[in-house]
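Order of appearance sets the numbers: ligands from 1, and atoms from 1 within every ligand.
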Amino acid sequence: MRAIGVKEYGGPEMLEEVDLPAEGAGPGKVRLRVTAATVNPADILARTGAYEAAGRPEAYVDVPGLEVAGVVTEVGAGVSTGVAVGDRVMGIVVRSGTHGAYREDIVLPARSVVAVPAGASDIEAATLPMNGLTALQTLDLLALSPGRVLAVTGAAGAVGGYVVQLAKVAGLTVAADAHEADEALVRKLGADVVVRRGGDVAERFRAAFPDGVDGLADAARLDAAILTAVRDGGAVASLRGFPGDGQRGLQVARPIVSTYAEEWEKLDSLRRLAEEGKLSLRVADTYPAGEAAEAHRRFEAGGVRGRLVLVLRDRAPFSGWRSYLAQGFSVGGRSERRAP
Ligand SMILES: NC(=O)c1ccc[n+]([C@@H]2O[C@H](COP(=O)([O-])OP(=O)(O)OC[C@H]3O[C@@H](n4cnc5c(N)ncnc54)[C@H](OP(=O)(O)O)[C@@H]3O)[C@@H](O)[C@H]2O)c1
């Protein structure tokens, strides 16, 4: 079974094709043939070893990746979610060692896997599970009632974009930051008010809402610099674990999406919202899995809108997938073509 991982932490060039033993689906688990896996900020941390104390992966190789789409090849005993062999599904991966999304065969808890939204390709569907659940958890933690005002930073990003869309579904008024070039995108996602991103963004939110916003989802990691946008006693969700400054009674929450990884009903609600057109599945570009290093380089350069998706495929060497992509190929019945 092939995967893309690092035997030594470092730059994108450390990503290489590795052989790993395949596993069967144990009780409560399903096994997938992975067709698509997204590139997320945490994958960079996995690659560089930011999560580890030592210089080399403990398990011989670390495989990055937190979300996948694919086809079910095996269903373990006691699975009661209704999933069956042959189903096209998407799932969230709680990564550890060789257990990451950049592999062609993966075993996941059945409760981490739901059907691909009707009408979506595998490539599109792969962008939803982890980032959608993160956005959902962010809103759950903020616990704002309909009509309240939520500010979102990094609104053009994957998490920020889903937060904006889910907040509108929840009946919130949404203020979002955006670069000029992203303003139309962020408005299309549903933001009621858009302020320019940058150094004075907290003041700009305040100018729009002089009493301060009721809640803030900080997907751009602005941390202390953004807190003045929020009213006294307001709610803050920091996506990268900023604990707050202990001032003005702000309630600071820190989403950890792995704690939602088996929230099947929530994941399935995301599928439904995507089918209803209330969540957009944004793909920036696709790369054959063998070109994961290139995808990482591009992601780290910033400015990617929508997710970069690695395409995995059986019965072809990773390095040979470019030709499939160049010709355009079908995943789940829809044609995907790599942008020039
Ligand atoms: N806690 C959890 O469980 C969890 C789960 C998932 C993600 N996360 C974290 O959530 C954060 C967002 O993830 P993501 O996948 O949405 O990343 P993303 O797609 O790269 O989006 C981040 C967005 O923030 C923008 N940005 C960067 N610096 C900014 C600044 N100073 N002001 C305004 N906008 C800025 C980026 O723009 P540019 O591209 O132009 O830089 C990008 O549009 C990451 O830190 C990620 O690690 C946490």
Side-chain angles (χ1 to χ4, degrees), residues 37-48 50-51 64-67 92-95 101 112 126-142 151-166 175-186 189 191 194-205 216-227 229 236-243 252-261 263 266-267 270 279-285 295-309:
T38 55
V39 175
N40 285 290
D43 303 0
I44 309 302
L45 302 179
R47 191 202 73 215
T48 56
Y51 293 123
L66 300 177
E67 55 190 358
I92 175 170
V93 178
V94 178
R95 202 199 67 83
S112 297
T127 65
L128 182 58
M130 190 281 293
N131 286 298
L133 282 171
T134 303
L136 206 52
Q137 185 179 36
T138 298
L139 288 168
D140 286 353
L141 289 168
L142 290 170
V152 183
T153 68
V159 173
Y162 284 140
V163 169
V164 170
Q165 291 192 299
L166 290 172
D177 75 344
H179 189 279
E180 196 177 353
D182 292 323
E183 180 159 348
L185 163 71
V186 169
L189 292 171
V194 178
V195 304
R196 199 59 68 238
R197 67 181 260 188
D200 297 329
V201 66
E203 288 73 16
R204 289 195 272 272
F205 279 127
L216 166 77
D218 185 18
R221 302 177 60 197
L222 302 184
D223 297 350
I226 189 64
L227 294 183
V236 176
S238 166
L239 272 301
R240 271 284 180 92
F242 173 64
V252 181
R254 290 176 279 178
I256 300 175
V257 69
S258 56
T259 63
Y260 264 35
E263 296 280 357
K266 291 182 192 292
L267 185 55
L270 294 172
L279 286 178
S280 1
L281 308 177
R282 296 189 291 142
V283 177
D285 206 350
H296 272 221
R297 272 185 210 105
R298 178 152 163 214
F299 184 70
E300 285 184 276
V304 174
R305 298 295 174 257
R307 212 74 302 176
L308 300 176
V309 183

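Annotation: Ala220 places no N or O atom under 3.5 Å from an N or O atom of ligand 1; distance criterion only. Residue Leu239 has at least one N or O atom closer than 3.5 Å to an N or O atom of ligand 1.
The two residues Phe205 and Ala229 have their closest heavy-atom pair at CB-CB, 3.8 Å. Across Leu216 and Ile226, no two heavy atoms sit closer than the pair CD2-CG2, 3.5 Å. Between Leu270 and Leu133 the shortest heavy-atom distance is CD1-N, 3.5 Å. Shortest non-hydrogen contact noted between Ala295 and Val39 is CB-CG2, 4.2 Å. Scanning both residues, Val304 and Gly306, for their nearest heavy atoms gives CG1-O, 3.2 Å. The two residues Ala284 and Arg298 make their nearest non-hydrogen contact at O-NH2, 4.5 Å.
Given atom 21 (O) of ligand 1, the protein heavy atom at minimum distance is Gly157 CA, 3.2 Å. Nearest protein heavy-atom contact of atom 12 (C) of ligand 1 is Ala219 O, 3.3 Å. The protein heavy-atom contact nearest to atom 2 (C) of ligand 1 is Pro255 O, 3.6 Å. Summary of contacts: the protein heavy atom closest to atom 15 (O) of ligand 1 is Arg307 NH1, 2.9 Å. From the protein, the heavy atom lying nearest to atom 39 (O) of ligand 1 is Gly303 N, 2.8 Å. In this structure, the protein non-hydrogen atom closest to atom 42 (C) of ligand 1 is Arg305 NH1, 3.9 Å. Looking at atom 47 (O) of ligand 1, its nearest protein heavy atom turns out to be Arg240 NE, 2.8 Å. The closest protein non-hydrogen atom to atom 33 (C) of ligand 1 is Asp177 OD2, 3.2 Å.
Listed by number with element, the atoms of ligand 1 under 4.0 Å from a non-hydrogen atom of Thr134 are 4 (C), 5 (C), 6 (C). Short contacts between ligand 1 and Asn131, defined as distances under 4.0 Å to a heavy atom of the residue, involve ligand atoms 15 (O). Numbered from 1 in the order shown, with element, the atoms of ligand 1 that lie under 4.0 Å from a heavy atom of Ile256 read 3 (O). Counting atoms of ligand 1 from 1 in the listed order, those under 4.0 Å from a heavy atom of Arg221 are 45 (O).
Evaluated by nearest non-hydrogen atom to atom 13 (O) of ligand 1, the leading choice among Val152, Leu185, Val159 is Val159. Of the listed residues (Ala225, Gly161, Gly154), the one carrying the non-hydrogen atom nearest atom 23 (C) of ligand 1 is Gly154. Considering Leu222, Asn40, Leu45, Leu308 only, the shortest heavy-atom separation from atom 30 (C) of ligand 1 involves Leu222. Scanning Arg197, Arg254, Gln137 for the heavy atom closest to atom 29 (C) of ligand 1 points to Arg197.
Val252 places none of its side-chain heavy atoms less than 4.5 Å from the side chain of Pro243. Annotation: side chain of Arg95 is not in contact with side chain of Met130 (no heavy-atom distance under 4.5 Å). Side-chain contact check for Ser112 versus Val93: every heavy-atom pair is 4.5 Å or farther apart.
Exactly one of Ile44, Asn40, Asp43 qualifies for a side chain to side chain contact (heavy atoms under 4.5 Å, CB included) with Phe299. That residue is Ile44.
Note that the CZ atom of Arg254 and the CZ atom of Arg240 stand 14.0 Å from one another [nearest 0.5 Å]. Going from atom OG1 of Thr127 over to atom CZ of Arg307 covers 8.5 Å, rounded to the nearest 0.5 Å.
If you look at Val257 next to ligand 1, the close heavy atoms, those under 4.0 Å, come from the backbone and the side chain alike. Using a 4.0 Å cut-off between heavy atoms, Val201 makes no contact with ligand 1 at all. Neither the backbone nor the side chain of His179 comes within 4.0 Å of ligand 1, counting heavy atoms alone. The proximity of Thr153 to ligand 1, defined as any non-hydrogen pair under 4.0 Å, does not occur for either the backbone or the side chain.
The shortest separation from a heavy atom of Ala42 to ligand 1 is not under 4.0 Å, leaving the residue out of contact.
Within a 6.0 Å sphere centred on CG of Leu45, heavy atoms belonging to other residues, nucleotides or ligands number more than 12.
Side-chain polar atoms of Thr153 and Asp177 form no donor-acceptor pair below 3.5 angstrom.
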